[in-house]
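Chain A is the first sequence line, chain B the second, and so forth, proteins listed ahead of strands; every chain is numbered from 1.
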Amino acid sequence: MAKLTSLREAVTSLIRDGDCVYAAGFTHLIPFAAGHEIIRQQRRNLILARATPDLIYDQMIAGGCARKVIFSYAGNPGVGLLKAMRAAIEAGRLEWEEYSHFSMISRLTAGAAGLPFLPMNPTAAEDLAKVNPNFKRLTDPYSGREVITVPALNPDVAIVHVQRADADGNCQLWGILGEQREAAFAADRVLITAEEIVDAAVIRSDPNRTLIPGFIVDAVCHVPHCAHPSYSQGYYDRDNTFYLEWDKISSDPERLKAWLDEWVYGLDDREAYWQKLGPETHRRLQVEPRWSEPVNYGKH
Amino acid sequence: MAKLTSLREAVTSLIRDGDCVYAAGFTHLIPFAAGHEIIRQQRRNLILARATPDLIYDQMIAGGCARKVIFSYAGNPGVGLLKAMRAAIEAGRLEWEEYSHFSMISRLTAGAAGLPFLPMNPTAAEDLAKVNPNFKRLTDPYSGREVITVPALNPDVAIVHVQRADADGNCQLWGILGEQREAAFAADRVLITAEEIVDAAVIRSDPNRTLIPGFIVDAVCHVPHCAHPSYSQGYYDRDNTFYLEWDKISSDPERLKAWLDEWVYGLDDREAYWQKLGPETHRRLQVEPRWSEPVNYGKH
Amino acid sequence: MDTFTAPELMTINAARMLRDGDVVFVGVGLPNLACNLARRTHAPNLVMIYESGVIGAQPARLPLSIGDPSLVSGALSVCSMYDIFAFYLQRGLISVGFMGGAQIDRFGNVNATVIGDYHKPKVRLPGSGGAMEIAAWADRWFIITPHQKRRFPEKVDFCTSAGFLSGRSQRTQSGVRGGGPQAVVTDLGILEPDETGELVLTQLHPGATAEQAQQNTGWALRTAPQLKNTDPPTVEELALLRDLDPQRIYLSSAG
Amino acid sequence: MDTFTAPELMTINAARMLRDGDVVFVGVGLPNLACNLARRTHAPNLVMIYESGVIGAQPARLPLSIGDPSLVSGALSVCSMYDIFAFYLQRGLISVGFMGGAQIDRFGNVNATVIGDYHKPKVRLPGSGGAMEIAAWADRWFIITPHQKRRFPEKVDFCTSAGFLSGRSQRTQSGVRGGGPQAVVTDLGILEPDETGELVLTQLHPGATAEQAQQNTGWALRTAPQLKNTDPPTVEELALLRDLDPQRIYLSSAG
């Protein structure tokens, strides 16, 4: 597989049944197109890790891909609950492992840093530790006080959507950064989707913006609009209407199945999905440009 | 003291005898002007912490400001040793506490993160731990293997030079980032020097570039050329000639004293210092612009 | 006095509790409106930080989620998730947090995880998100919630966020840095912890009674010796607040 | 065959040890030149990472320090110091490191800290910098150094960077991830660790003898059963190398 490849090929090559997958993105740059491709390719028994499972994991769970979910906030942001995930848990079809945001992200950061664990200060809220034995305690060797620890999380695969990457996978992203970088460094394999593939000269004009270096990346896929119904800062807006709509779709197993048939199984790829959304949605999500002031690196 | 103030006023207000000071900057953006002002104001018994003491601490030690130095690489980068520091240590006039780069920066990062310590993987090189009891060991509660720990470093004051800041102290910097951000978050008080004071609209055009938020900053000083003989990426070059010259100046106590008289005590401020360097040095350090490609944040 | 909705009443009373210079860790909805109202009235130097890593936002529209892109465009700073929790919250830079949740109990503990048994829940809620750490590490925190008996049990089914645990001394002994819950603002009045950490009724909104509050609380709600009445929302407060949510997404009676 | 200096000879032999695709943690001077030479010959996909956080530099001039601004302009990525050590080095992404140092001993341990007693040193050296962790966590590492007796003591005065400690099994037992020193390239030849971790003479440069190597080594230097001769620098290698340092800042005989 060449590094610059189709999303279909990248999912085929990099994601295996039973893998622990971390599809990154805190509300922003969520790689929905990759989630749909995984559903289409019928991956099974995945362990799906994400601070906020969001609609992407709700859909993958509905698509039968998941054995277990690892999370810290299982809500439809600004709307309510994740109903497909809840139904799967209540039916005993889905294992789960639960954290707070900080303990979840500390796990990933430890994984990215090559550490076996990271400490956190105590929170005095101990019920979560009672149901999740991954929370442990250590004595701070300096003060003698207790800290909490969580173990490193090293997913088999990270899926990270970015605004721009070059053909070697050097990635630049901006706006809300979530845990994109930590996921890429923590994982064994890295699948990048990008709104734009740019010349390396663009990347090299602003090296501080490059959060993921190409040499840790296994596949780069050019997938415009990959993040819908979430968004790509500067490229298209968040589709709040769909987030509200999903609440209804996911409440009804029949409707959910019909939605998957129509919007995932029935389509070849993200381009077909975007065209199917139609010009009115395109217009609604369109964003006027607002450019950053450049900085001077100097011809040193 | 208003937040936007002179460097003289900022040093008077924020830096006290006996303070632990962290003047940040790994080879880049080293706040030399602040070091000189501290020498001029004759602060005493400071604990000077920096991964690389570099010439700035060699000068402050020569100026009699320091009681102790905390460091991880005491060299004149690309040239040799720090001779004023070495002379003070050999004469018994200076205490020291020594780390590797990663253990030093882990201390600062723990301080910035509000953690009592950070773990590191073992290195099997144990001689440093034998002479520095701050290195301790813990058992990883997951694998049962040993990790090394270092305690948080929370300096009284951080001094951070940046390329641009607004009047509220929101700071943007680029190029080599060293430990600038960690120093600011770890310290109790934060003194910023900036090449340029810009309108808040410039900062707001690229929020991902803002590494230090204004609300943690105590003083912002407009000090162009603050970093000479180190450099500010895009603004002026590193003065290698002076780094070589310092090797000779610092070898000879008489010459060192004369240099301090001429270049520190004998001058009012950085503007006088820069003018004294003269037009030929200005030309030699001048840099042609090379601008970053802007990114689109969108009018969301 | 103008008429106003329950969300308006609660938001205005919450805004009054914020101080100039406070650094607030804030979500969307009523807390976001309360902070913006405080900034436009008595607390112009209030700093708002979103869990998504955004600092000093100037959104062109009312944000509908903490990840709204309008929070980013024109903000002062944006950082990663680890950084916002470690360098800001755990470091102790946050003065105020706002907590949501399905249940809050006598000692201010909050449940946002499950109703019923954890492994066989009656209702599975979204879970902690940032709530576990905000409750522990912010200097002080508040809750804005309708006053309903099912929301105020004697003891939470699951402690997602520590209030005073089973009493103020227990929180103190736990060593967490923050001061815990300072007030629960409801549509009937305000509950505040007494010296033992128990939430007691300290203020009543215009027209509400202590009996109403008791009937809608799941424990024997004590009333403070000096029970006060809150000042009704002023015309200016209402005008400024409604200007922040012109479509009444959060401020309608059902909000 | 052209004539060449000792630094040229060492640099060319070091370059030959690098593999295509290696990710190298590199300083200035000869290691920097060796990496760039390897990139221009057999290892076009070699990735160079500087301790200062710079990845994929394209410097317009020969860098004189690892913090040279010319490394930044046009680089692929720049990150903070914590990140370069944690996310790259400790994470295990670095395949090759280069070590400097005043002393290297029989088992490949390196001293960059002090000659003599730590508290009353004869010579105080700069100290570890990144060397302690590079030696521990890079997959493999090399040293380029002139062959002088004072640089090759039986045992280092201070162990800044772990080689094989007192033998290969000791390093293995310590649990550090990296494989330790692979070769010491000198102006006389190449030392490599045997199965016990002891550095033995495995290769001689053209014109050098095992006796010379022994005389300039502070322990009883063993010679490998199959002692080889290194291939002399080729015309192409010399031309490419000299093009990298046209002013001969590092490549002159005194370099």
Side-chain angles (χ1 to χ4, degrees), chain A residues 3 106 108-118 152-155 158 162 164-173 177 179-190 198-218 294-300, chain D residues 19-25 39 43-50 52-65 67-96 133-134 136-139 175-178:
Chain A
K3 201 174 263 192
S106 289
L108 203 60
T109 304
L115 285 169
F117 68 90
L118 268 175
L153 177 62
N154 290 107
V162 304
R164 66 189 186 195
D166 67 16
D168 292 327
N170 294 290
C171 299
Q172 300 194 329
L173 49 162
L177 298 180
E179 75 304 56
Q180 319 275 20
R181 186 153 187 260
E182 290 79 1
F185 278 91
D188 289 339
R189 305 188 287 279
V190 180
V198 297
D199 194 272
V202 174
I203 302 293
R204 289 186 184 276
S205 82
D206 196 358
N208 285 109
R209 187 94 65 190
T210 310
L211 300 188
I212 300 170
F215 82 88
I216 71 167
V217 169
D218 295 280
V295 302
N296 180 9
Y297 279 89
K299 290 184 179 157
H300 284 275
Chain D
R19 303 174 194 153
D20 199 22
D22 272 346
V23 180
V24 188
F25 212 72
R39 278 169 58 95
N45 299 303
L46 185 139
V47 178
M48 291 170 67
I49 299 191
Y50 293 86
S52 48
V54 181
I55 296 152
Q58 287 186 333
R61 65 187 181 209
L62 185 65
L64 297 180
S65 90
D68 196 305
S70 69
L71 293 171
V72 170
S73 296
L76 283 173
S77 182
V78 178
C79 68
S80 74
M81 211 167 162
Y82 186 80
D83 287 353
I84 204 79
F85 280 101
F87 284 25
Y88 289 83
L89 184 57
Q90 187 171 245
R91 178 70 177 99
L93 300 180
I94 306 299
S95 28
V96 173
E133 286 81 19
I134 298 170
W137 302 334
D139 292 346
V176 296
R177 74 170 294 288

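Note on A:Arg209, A:Lys299, A:Gln172, A:Arg181: by heavy-atom pairs under 4.5 Å with chain D, the leading option is A:Arg181.
A:Arg204 places a side-chain N or O within donor-acceptor distance of the main-chain N or O of D:Gly74, the cut-off being under 3.5 Å.
Between the CG atom of A:Asn208 and the OG atom of D:Ser77 there is a distance of 8.0 Å, given to the nearest 0.5 Å.
D:Ile49 touches chain A through its side chain: at least one heavy atom from C-beta onward sits under 4.5 Å away, while N, CA, C and O do not. For D:Val47, the part lying under 4.5 angstrom from a heavy atom of chain A is the side chain only. Residue contact with chain D, scored on non-hydrogen atoms closer than 4.5 Å, involves the side chain of A:Asp166 exclusively. At a 4.5 Å heavy-atom cutoff, D:Asp68 makes no contact with chain A through either its backbone or its side chain. The part of D:Val23 that comes within reach of chain A is its side chain, from C-beta onward, which places non-hydrogen atoms under 4.5 angstrom from that chain. Heavy atoms of D:Arg177 lying under 4.5 Å from chain A are absent altogether. Using a 4.5 Å cut-off between heavy atoms, A:Ala186 touches chain D through its backbone atoms (N, CA, C, O) alone. Both the backbone and the side chain of A:Phe185 come within contact range of chain D, judged by heavy atoms closer than 4.5 Å.
The side-chain contact (heavy atoms from CB on, under 4.5 Å) test applied to D:Arg39 returns D:Asn36, D:Leu46, D:Met48, not counting sequence neighbours. Annotation: side chain to side chain donor-acceptor pair (under 3.5 Å) contacts of A:Asp168 (sequence neighbours excluded): none.
In this structure, D:Leu76 and A:Ile203 approach most closely via the heavy-atom pair O-CG2, 3.7 Å. Closest non-hydrogen pair, D:Arg91 versus A:Ala112, comes out as CD-O, 3.2 Å. In terms of heavy-atom proximity, D:Tyr82 sits nearest to A:Leu115 at OH-CD1, 4.4 Å. When all heavy atoms of A:Pro207 and D:Ala75 are compared, the closest pair comes out as CB-O, 3.3 Å.
A 4.5 Å side-chain heavy-atom check between A:Ile216 and D:Phe87 finds every atom pair outside the cut-off.
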